[in-house]
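Below: the structure, in structure tokens.
Throughout, a chain's letter reflects where its sequence line sits, starting with A, and its residues are numbered from 1.
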Amino acid sequence: MDKGFSPVGLRVLVVDDDPTWLKILEKMLKKCSYEVTTCGLAREALRLLRERKDGYDIVISDVNMPDMDGFKLLEHVGLELDLPVIMMSVDGETKRVMKGVQHGACDYLLKPIRMKELKIIWQHVLRKKLQEVRDIEGCYEGGADWFTRNDEAHFLGGGGEDVSFGRKRKEFDFEKKLLLQDESDPSSSSSKKARVVWSFELHQKFVNAVNQIGCDHKAGPKKILDLMNVPWLTRENVASHLQKYRLYLSRLEKGKELKCYSGGVKNMDSPPKDSEFNTGHQSPGKNSYAFSGGSSDPKQLASSSVSDPSSDVHMPPKAKKTRIEFNPPISSSCAFESLLPWSDVPDPLESKPQILYGSSFLQQQPLPSQSPYVANSAPTLMEQEMKPSYETSVNADEFLMPQDKNSTVILQDLDLSAPSAISSINVTNDTESILRSLSWELPESHHSGFIDTDLDFSWLQNEHFLANTSGNFQFQDYSCSPSLLSELPPHLWFGNEPDEYTLMVDHGLFIS
Amino acid sequence: MDTLVSQLQRQFRDYTISLYHQGFLDDQFTELKKLQDECSPDFVAEVVSLFFEDCEKLIGNMARALDQTGNVDFSLVGSSVHQLKGSSSSVGAKRVKGLCVTFKECCDSQNFEGCVRCLQQVDIEYKSLKAKLQDLFSLEQQIVQAGGRIPQVDI
């Protein structure tokens, strides 16, 4: 039974040069109650995305398009906008699929695409957000002494990107709310910073600068910024970008280490912690990279929680909890915050913050138990990194991109294991495991079973797509129709493997 | 009592089943029918006509490419075939899709005669499907005009 749900109003951009598919996908996505924008050209898609930087939650694109390779589009979207991208194709060749993964696709759907595959795309969006939040936490690990007031000010005011998941529903752009909280704090700045668009060229400059500095711990944002020589770019921008880049690299490395993306998470030994976070030579800006105004949404979330000048590491969830108090009507939309497995934070925001990182997070992030389901491994990898000590989550050795690496850098947090999650074989089970890995509770059909720290799905609706309940289609023995065979010999009609496609359709392509 | 409506409905059912049975359509067509609703009552017909337009265009491209005697760009033909394959997968045009697989192989191996043959077959096939679907839609219209409901056909 196809028991599923999809959040209403998820903003999807569909890119496909095939008008037939565009029409069908639009209809299917609308049936999922998503907000759909269609586009027949890759360039047009990029234009739309750039025009409304926070206008979309996810992009679905065909691999083959006349004006631009789908993979290129994927890269652009990932680099500039950091949105989850799903690739589609009628061709399911493994190497193409892998190419998609390498370029950072969240998933790769084989045409013809089924409703159930579209119904779960929201999970990619959520996963990405969670990863970003976890990225932020990584910054906290080094201790709070490096955090300065200046960075707070920069960070708190920046961005203001909406994470709104559905305009028709209550918005839970929690960053905004967190920022609102901090407006009561005189030290916070309310100036809004424009979001930095990390174009491919800009990123290349960044990478060149990084490579130039070399493989040591001294590659800090300030140095990189100096080398890049981009006048309007700030150290905070670079710092935030740097962090993403490191995480991307570290994931690549781990992807290599995990030969097969099985559900077991490789237990990482505590990597020799680099001195970055511990030594004094760290410029404040360096460690404030989580808080750059140019960073994406969740990063602001982290910083906004640090309003106290004494600037101990402050837990985002604390802020979130407090946020609920600040904004009572939004309680049902606090989906993301309730996702985070933070322990209860007793202290109000204004008082001395404490480092609460520790066990609560780890406890509630169980290691994946199902082997076919690999998506768990990405978040838990992060967890593993954080676990040994509250230090940097990124191994400094992985920092520098080796010279022989592919020069096309995909900056978004490449979740190599995520796509395997999206198998449509059994939507319910996969959904369950995804949610469990994110320490959510799987909603019952009326999602009333959620409690305390688990995701409040009250803003999610039940299954929207009311499939015609025509039940099972049985192929009847048909004997009395007039012959409609054409003159062509049958063996030419049915192709080589007529079932190839149906097989592919029902199985997720990302096999662990 | 065999009313006009029930006769038409039976015809419709039989015809639909035969199309599936003989491999003209696959379950993607069924999925399309599921998508049709009050908001878009002609959804299937619209999609199908988009497909046939696409067929014409792509077949035209392939024909032109193959016509460059001595200088055929097989990769160009191949890319059109790929597009046709994708397109046919959207409406459940099973035979057309199957032909595309063979066609693609001919392109990959630069088999000119093979390509020409495949092109001819694809042309015949899509036109044949077009005619049959037109018959099917016409049956639907007749049923509705006669005051009946279009039956749901379980394949």
Side-chain angles (χ1 to χ4, degrees), chain A residues 16-28 30-31 62-66 88-91 110-115 465-502 504-505, chain B residues 11 14-15 17-24 26-28 30-37 39-40 43 46-54 79 82-92 94-105 117-118 120-121 124-125 128 132 152-155:
Chain A
D16 197 333
D17 66 323
D18 183 336
T20 332
W21 268 115
L22 213 54
K23 188 177 172 83
I24 295 174
L25 287 168
E26 182 184 36
K27 183 73 184 169
M28 287 170 79
K30 281 190 172 155
K31 283 229 166 193
D62 190 84
V63 159
N64 295 91
M65 279 185 295
M88 309 182 279
S89 180
V90 70
D91 172 13
L110 197 60
K111 288 176 171 177
I113 297 175
R114 290 284 174 262
M115 275 297 294
F465 176 60
L466 302 171
N468 288 353
T469 48
S470 31
N472 305 320
F473 280 168
Q474 316 257 309
F475 212 103
Q476 292 170 7
D477 246 349
Y478 180 73
S479 52
C480 52
S481 77
S483 168
L484 299 164
L485 292 170
S486 88
E487 317 78 59
L488 289 174
H491 68 86
L492 278 177
W493 295 332
F494 293 93
N496 297 333
E497 289 124 27
D499 294 328
E500 165 197 328
Y501 307 109
T502 37
M504 295 290 219
V505 164
Chain B
Q11 245 185 294
D14 291 348
Y15 198 60
I17 292 174
S18 81
L19 289 178
Y20 281 89
H21 188 74
Q22 283 155 21
F24 285 95
D26 63 28
D27 61 341
Q28 174 63 15
T30 318
E31 295 296 315
L32 280 191
K33 301 210 83 175
K34 287 187 196 171
L35 290 174
Q36 185 160 293
D37 55 20
C39 308
S40 48
F43 182 70
E46 288 166 8
V47 171
V48 155
S49 63
L50 274 176
F51 166 65
F52 289 129
E53 279 171 27
D54 217 21
S79 100
H82 181 86
Q83 286 182 61
L84 184 61
K85 187 178 169 191
S87 207
S88 59
S89 73
S90 75
V91 298
K94 191 172 180 181
R95 288 188 181 184
V96 176
K97 189 176 177 189
L99 275 173
C100 287
V101 176
T102 317
F103 201 160
K104 190 68 170 44
E105 285 167 7
R117 244 176 307 141
C118 284
Q120 288 168 345
Q121 284 165 0
I124 292 170
E125 214 39 70
S128 160
K132 292 189 192 312
Q152 194 142 52
V153 185
D154 292 338
I155 306 301

Any donor-acceptor pair under 3.5 Å from B:Q28 side chain to B:V91 backbone: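 Here the side-chain-to-backbone pair does not exist.
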
Heavy-atom donor-acceptor pair, B:S88 side chain to B:L84 backbone, under 3.5 Å: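 Side chain of B:S88 to backbone of B:L84, a donor-acceptor pair under 3.5 Å: yes, one is there.
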
Pick from A:D16, A:D62, A:D18 with the largest number of heavy-atom pairs that fall under 4.5 Å of chain B: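 Max contact count across the listed options: A:D18.
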
Considering all heavy atoms, the nearest B:Y20-B:D26 contact: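 Taking every non-hydrogen atom into account, CE2-O, 3.4 Å.
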
For the residue pair A:W21 and B:G86, what are the closest heavy atoms and their distance?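 Nearest heavy atoms, A:W21 then B:G86: NE1-O, 2.7 Å.
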
Side chain / backbone / both / neither for A:D17 at chain B, heavy atoms under 4.5 Å: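 Interface part for A:D17: side chain.
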
Chain A interface, residue from B:C39, B:C118, B:C100, B:S40 that has the most non-hydrogen pairs under 4.5 Å: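 Of B:C39, B:C118, B:C100, B:S40, B:S40 has the most heavy-atom pairs under 4.5 Å with chain A.
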
Tell me, side chain or backbone of B:S79 under 4.5 Å from chain A's heavy atoms, or both, or neither?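 Contact with chain A involves no heavy atom of B:S79 at all.
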
